[in-house]
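Chain identifiers are assigned alphabetically (A, B, ...) following the order of the sequence lines, protein sequences preceding nucleic acid strands; residue numbering begins at 1 within each chain. Heavy-atom basis, side chains included; hydrogens, waters and symmetry copies ignored.
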2 protein chains.
Amino acid sequence: MTPGVETILEDLEHATGVEDLQQVIQALRDHFGVDHMVYHWVNSDGDQYGCGTYSDAWVARYLEKDYLKIDPVVYGCYQRFHPVDWKRLDWSSRAVRQFQVDAIEHGVGNQGYSVPVRGPNGQFAMFTVSHNAEDDAWAAFAETNRRDLILIAYFFNQKALEFEPGRRPEQTPSLSPREVEAMTFLAIGYSRAQVAQTLSISEHTLRVYIESARFKLGAQNTTHAVARAISRGLIVV
Amino acid sequence: MTPGVETILEDLEHATGVEDLQQVIQALRDHFGVDHMVYHWVNSDGDQYGCGTYSDAWVARYLEKDYLKIDPVVYGCYQRFHPVDWKRLDWSSRAVRQFQVDAIEHGVGNQGYSVPVRGPNGQFAMFTVSHNAEDDAWAAFAETNRRDLILIAYFFNQKALEFEPGRRPEQTPSLSPREVEAMTFLAIGYSRAQVAQTLSISEHTLRVYIESARFKLGAQNTTHAVARAISRGLIVV
DNA sequence: TTCCAACTCCCCAGAAATAGCGAGGGGCGG
DNA sequence: CCGCCCCTCGCTATTTCTGGGGAGTTGGAA
């Protein structure tokens, strides 16, 4: 690990507020000598929180256009575990290409490298480095700094979780085993009758579980409950 | 980072099969000079996969007694983002204390340090170091090697995901913008009528989107479609 | 012991979703 | 130009889900 990173990480670990994160991320940007560095938390209800060096104009634009929904970086990171080079993402759709042009016009680099991070209750965030560079140079940079970036993403997320407890979905209540089973089977397409048969219980009993789970999850209906259970990591489909 | 770890991590990254993971974890155990080192993947349905240096007897015992359900390490890691020292967990309940005695009798150290790791689709695993030591010595060890352990946990999980046969190869179909909107609103608990009103279209039209999305996703019903859309990252809820 | 949470079962009526037929216009790429 | 996908709207009948009741057992925690 580069000595500079070491000390900046120390600062990060001693950060006591959101404003410190902004300081740290700028220090990191300068240290790595890249155009931008951004931490981007995407909450399970579409809510988002970011901190980094993108221009205010670009952030506003991103929110205004609701780019979150089509951003291939978000989509790509969401599906992967390992860090992703933006080149490896799918930029083919029309809307996405428009987004790309818009981003570059707003000073986002043509190259990027994003590290997905996941926390409890389905929390999800990304730590991104963006720069203007040739492919070769960028590949070398990413390869060299990969481990540092993973650690930085990790500690950044740790701090973000620490500072923003309110941002987390309401203390996820745990589901009982039967409720988990019920939600899981519903999530893989079984009807109530099928689930009841599979679990060898009456459909009435099953309904109690579903309603109980729905209540615990604060969900409006079964689909909502299943969606929440999945995005909070209570069930795996 | 200690030089030894560096080379072992290289080996880890070049691992081509599950058997290599076992080699690597033993090398890591020897390098850190601790009693045990374990990677433990836990699915929410109770399915688990592990690899490490615990005795076969203990692993068998753990499975036989279904200790997964009461293991405070699993529970504690599941709720946290940062690594946890076993001391900070709740060992108060009677069943848990019995588990603790059993574990120590089977050669698990009295001290432990576990790093939670999370992947896409709610994947969850832990990387654990366990040892027999005094509190002070252990705290020092944990503090010193924390970052290395986080990185090791990260790369170990990456490899485990890579070797996981259940990885879905089928490429996910893309949904049209309207379909994405429909799925998104359904996932946050709107009824069909509400979604239709929100999108300012007739409920009949909405139904076409839902059915189209369901078809594309190979889903049996709306709940299934929404579940798939979420777990494939097509919508962010 | 007492209490609570989890698990199990039952009825009924109204609301919502699904399955099956349709129809037509607009835009984009081969 | 034609085909394909996306967007929009319609009807009817059937199945499924939801919301309102109530009731008993069991095992673990306070």
query: Are any of B:Arg214's side-chain N or O atoms less than 4.0 Å away from OP1 or OP2 of C:dA19?
result: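 Yes, such a contact exists.
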message: Taking 4.0 Å as the cut-off, does a side-chain nitrogen or oxygen of B:Thr222 come that near to OP1 or OP2 on C:dT18?
response: yes
Just how far, in rounded Å, is [atom2] of [N] from [atom1] of [X]?
X        : N      : atom1 : atom2 : value
A:Gln194 : D:dC17 : CD    : C1'   : 14 Å
B:Arg192 : D:dT16 : CZ    : C1'   : 11 Å
A:Gln220 : D:dC17 : CD    : P     : 18 Å
B:Ile210 : D:dC6  : CD1   : C1'   : 16 Å
B:Glu211 : D:dC6  : CD    : P     : 15 Å
A:Tyr190 : C:dT18 : OH    : C1'   : 20 Å
B:His224 : C:dA17 : NE2   : P     : 18 Å

- prompt: salt bridge (Lys or Arg N to Asp or Glu O under 4.0 Å) between A:Glu179 and A:Lys216: does it pass, once the steps are laid out?
  reply: CA-CA 10 Å; A:Glu179 285 160 359; A:Lys216 286 181 178 175; 2.8 Å; yes
message: Assess, by modelled atom type and distance only, whether the side chains of B:Asp102 and B:Tyr62 contain a donor and an acceptor separated by less than 3.5 Å.
response: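 There is no such pair (donor and acceptor under 3.5 Å, judged by atom type) between the side chains of B:Asp102 and B:Tyr62.
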query: Distance only, no hydrogens: is a donor on one side chain within 3.5 Å (strictly under) of an acceptor on the other, for A:Gln111 and A:Asp135?
result: yes
task: Step through it carefully: locate the ring centre of B:Phe127, locate the ring centre of B:Tyr154, and say whether they are under 6.0 Å apart.
output: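 Ring centroids of B:Phe127 and B:Tyr154 are no less than 6.0 Å from each other.
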query: What do you reckon, are the aromatic ring centroids of B:Phe156 and B:Trp41 less than 6.0 Å apart?
result: no
Please enumerate all protein N or O atoms sitting under 3.5 Å from an N or O of nucleotides 5-11 of chain C, with distances to 0.1 Å.
from	atom 1	to	atom 2	distance (Å)
C:dC7	OP1	A:Arg178	N	3.4
C:dC7	OP2	A:Ser176	OG	2.3
C:dC7	O3'	A:Tyr209	OH	3.3
C:dT8	OP1	A:Arg178	NE	3.4
C:dT8	OP1	A:Arg178	NH2	2.9
C:dT8	OP2	A:Arg178	NE	2.8
C:dT8	OP2	A:Tyr209	OH	2.2
C:dC9	OP2	A:Ser202	N	2.7
C:dC9	OP2	A:Thr205	OG1	3.0

- prompt: How are the rings of B:Trp138 and B:Phe141 set to each other: parallel, tilted or perpendicular (split at 30° and 60°)?
  reply: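 It falls in the parallel class, under 30°.
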